[in-house]
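Chain identifiers are assigned alphabetically (A, B, ...) following the order of the sequence lines, protein sequences preceding nucleic acid strands; residue numbering begins at 1 within each chain.
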Amino acid sequence: MKHDSFETKAVPVLVPMPAERPYTYAVPAGMSVVPGSIVRVPLGPREVAGIVWDGPGEAVDARKLRAISHVFDCPPVDQAMRRFVDWIASYTLSPPGMVARMILRAPEAFDPEPWVEGLQRAANDPDRMTAARARVLEMASDGMAWTRSGLAHAAGVSSTVIDGLKAQGVFETVMIPPRPVVAAPDPTYGKAELIGDQDIAAKELRGKGEAGGFSVTLLDGVTGSGKTEVYFEAVAAALEKGKQVLILLPEIALTQAFLERFQDRFGAKPAEWHSDLAPKKRERVWRQLAEGGVRVVAGARSALFLPFKELGLIVVDEEHDPAYKQEDRVFYNARDMAVVRGHIGGFPVVLASATPSVESRVNASQGRYGRAVLSARFAEAALPDIKSIDLRRAPPARGGFLSPVLVDHMRRTLEREEQSLLFLNRRGYAPLTLCRVCGHRFQCPSCSAWLVEHRFRGQLVCHHCGHNEKRPEACPECGTLDHLVACGPGVERIAEEVVGHFPDARTIVLSSDMMGGVKRLRLELEAIAKGEADIVIGTQLVAKGHNFPNMTLVGVIDADLGLANGDPRAAERTFQLLSQVTGRAGRTGKKSLGLLQTYQPEHPVMRAIVSGDAEAFYEREILEREKSALPPFGRLAGIIVSADNRPDAESHARLLRRAAPPARDIHVLGPAEAPLAMVAGRHRFRLLVQGDRPADMQGYLRAMLANGPKIRGSVRVQVDIDPQSFL
DNA sequence: AGCACGCCGACT
DNA sequence: GTCGGCGTGCTC
């Protein structure tokens, strides 16, 4: 008898939980695994999917060692992807297991898709011929295999007809491979005519694709300049080289229009990947991507962790969009991770935006990224003329929020039978409700934010946690009836005012809490594009990518909103949002206008929007400020990045400053801002604090705080991670 | 992440 | 007397 078990191998396996390193598992005799194999392993009381990692498994107590129970029949996770996981884990200070978990989120796809039963014409002829049978035979005369229901449907007969023919041996059963989830894109299909800047940019991107190797290009083009058509050329180049392509989009669920544009160019839709995807479809996309059947994926940030077989290009559209940041579990920005993935895989990355982020601008200006600029709008689409309305000089009527100047322009737009868009980034009727008698303010019981009145629903709603309650008639504090007063505007309230001014206009409100969900929203957007509304009042979601050909006026109700909330990126964010919103106007060739209602028309953001000079704005207002606000590296003892929230980090920082001299000069930044600081000031992480597991923080804190008060949350220390070390 | 264990408060 | 809250610890 042989004793192979003495030779039993042990391999490291990353399991989908917050382990700092792979666990070691035994490979049973007769089983073979390679690094990257997706396996099922016992873990505590359950079984989980894990990934065989590189290197020999570290020695582990024989009593603890357990065996891999199954190897999935699935292409192994390739080396580039494994390095990517390790890189992200070390960069984000996350346990590698948690990063691996993001790859393992299509559990059903690890087994091959089953072949389906199909029917194919066999030798026998039917005993009697009927009209229905004739139609079926006609359909099946091509000799191809059909599914039972597919054939019945195509021939317009009931499936019992098929069953009858099968029983007579007219059809035989054959197994057919699973249907591709999307058709193959054709890079030569609908090639667009590119002119001027577009042509130059497209050639540059194509050149980088054809040359191969890692590169990053910032494609910077105003709304309507044909950015998408330009980067489609890079996609075509990658497809021609036989590579797969990933296009990242910030909010894929609402980007139906994008899929259609892609289809117009490539003759087929890309595969979609986002959290709302039906589970069955999810599995099929995952599997066919791993096997190389799917060539292009358009997806949300999680698509970075798909098992591409031969990825050769990543495009990050709207690269500045905050939706690319994941802010739970593993904290990462998909835009930056896309660059890392490109570096590891040795292929080009394209970052596209009309309003590039500070980080990307700096990276481009310092030569780390290439830059292609599309300065003009495509064809006859002119940029809108943008002006600010000084609310101190032209204030709204009492109780209203629309300046007479804006109302006047709306009237003229209506008379020309064109559309107006009013933008206010605030859902509901009023952001605050108070009692005129006792001053009581309605507050959320669980998070203490103001409750927002939603008059249409008759509710008070917390926009932080979703808590909602019925709007009472009387003040809960003093009991006085009918003295509750709504303070400030939300979109519902603006709609009320608009209807007061223009009772005959077709007015519609668009916000994310609209009844009927995403489907209804999509329909409404189409209806508006077809001209079925005169005045649209909308929140942030109208700023994203939709085209309204007859929209010639955009009014921003409160351009100052968001400038005073303490966010270090407030000015940049506001600039981006206002650029995008005003960019909704003027894609028609008609003269169009953007109006900003503001109390501070001299604010740099307003001036930048009005003048259209983004470069100067970024150079003077963002970068210079950023550099002067942060101390140079030599003086910087630490940057604290709070994984949870800012107050948490602030309290940590106070304690650390008090506790230990090396940590005196500590700056608190949200997880989103740390990369910004590092890029702008060329800083390095010295210290990272995460509010999370008390157990993790003790070692460090004990050293730092001889006798300080207790800190809630965890502290982990990481020295000298250079965010640009991959470049 | 999940799950078990364990220790204190309010109840069928 | 139990049920159940979540704090703590463990998983190869």
Side-chain angles (χ1 to χ4, degrees), chain A residues 4-72 76-77 82 85-86 88-90 92-110 275 279 282 301-302 304-305 326-332 445-447 465 643-644 648 652 671 690-702 709-716:
Chain A
D4 286 355
S5 53
F6 291 127
E7 298 290 322
T8 297
K9 272 205 315 182
V11 292
V13 175
L14 263 190
V15 286
M17 61 146 205
E20 285 303 330
R21 60 201 157 68
Y23 283 171
T24 302
Y25 284 86
V27 184
M31 178 186 280
S32 81
V33 294
V34 296
S37 293
I38 299 184
V39 293
R40 191 168 58 227
V41 291
L43 181 68
R46 64 217 151 96
E47 293 219 307
V48 296
I51 307 171
V52 175
W53 222 240
D54 302 81
E58 65 182 54
V60 69
D61 187 339
R63 283 168 312 191
K64 274 189 162 185
L65 189 68
R66 299 205 276 150
I68 293 173
S69 46
H70 179 68
V71 187
F72 289 99
V77 175
R82 299 200 301 277
V85 168
D86 284 334
I88 292 180
S90 97
T92 63
L93 306 186
S94 311
M98 290 305 284
V99 184
R101 206 176 83 116
M102 300 195 284
I103 304 187
L104 297 168
R105 269 194 273 183
E108 306 305 318
F110 305 151
S275 54
R282 228 181 151 68
R301 57 176 188 250
S302 59
L304 270 176
F305 298 95
Q326 170 145 83
E327 299 197 329
D328 62 305
R329 298 182 181 107
V330 179
F331 286 61
Y332 69 91
S446 37
C447 45
C465 66
D644 277 338
D648 220 40
H652 289 160
Q690 289 186 324
D692 186 17
R693 303 269 303 196
D696 298 339
M697 73 186 214
Q698 285 166 358
Y700 179 71
L701 276 190
R702 224 173 273 134
K710 281 256 189 315
I711 293 185
R712 292 174 53 81
S714 74
V715 174
R716 297 155 89 194

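For the pair A/Tyr23 OH and B/dA1 P, the computed distance is 14 Å after rounding to whole Å. In this structure, A/Arg63 atom CZ and C/dT11 atom C1' are separated by 16 Å, rounded to whole Å. Distance CE (A/Met98) to C1' (C/dT11): 14 Å, rounded to an integer number of Å. When rounded to the nearest whole Å, the span between CG of A/Leu104 and C1' of B/dA1 equals 13 Å. Here the C1' atom of nucleotide C/dT11 and the CG atom of A/Asp61 are 14 Å apart, to the nearest Å. Between A/Ile68 atom CD1 and C/dC12 atom C1' the separation is 11 Å, expressed in whole Å. To the nearest angstrom, P of B/dG2 lies 12 Å from CE of A/Met17.
Distance check: A/Leu14 CG to A/Ile103 CD1 gives 8.5 Å after rounding to the nearest 0.5 Å. From A/His70, atom NE2 reaches atom CD1 of A/Ile38 across 11.0 Å, with rounding to the nearest 0.5 Å.
Listed candidates were B/dC3, B/dA1, C/dC12. Nearest to the side chain of A/Pro45 is B/dC3. The side chain of A/Pro18 approaches B/dA1 more closely than any other nucleotide in the set B/dA1, C/dC12, B/dC3.
For the contact set between residues 46-60 of chain A and DNA chain C, defined by any heavy atom under 4.0 Å, the members are A/Val60.
A/Tyr25 pairs with exactly one of A/Val33, A/Val39, A/Val13, A/Val52 by the side chain to side chain contact (heavy atoms under 4.5 Å, CB included) rule, that one being A/Val13.
Contact annotation for A/Arg21: base contact, defined as any heavy-atom pair under 4.0 Å involving a base atom. Across all strands shown, A/Pro42 has heavy atoms under 4.0 Å from sugar-phosphate atoms exclusively, and none from any base.
In this structure, A/Pro35 and A/Pro76 approach most closely via the heavy-atom pair O-CB, 4.1 Å.
The stretch residues 31-41 of chain A participates, sequence neighbours left out, in these salt bridge (charged side-chain N to carboxylate O under 4.0 Å, His left out) pairs: A/Arg40-A/Glu47.
No side-chain heavy atom of A/Leu104 sits less than 4.5 Å from a side-chain heavy atom of A/Val48. Looking at heavy atoms from C-beta onward, A/Tyr332 lies in side-chain contact with A/Arg301 at the 4.5 angstrom threshold.
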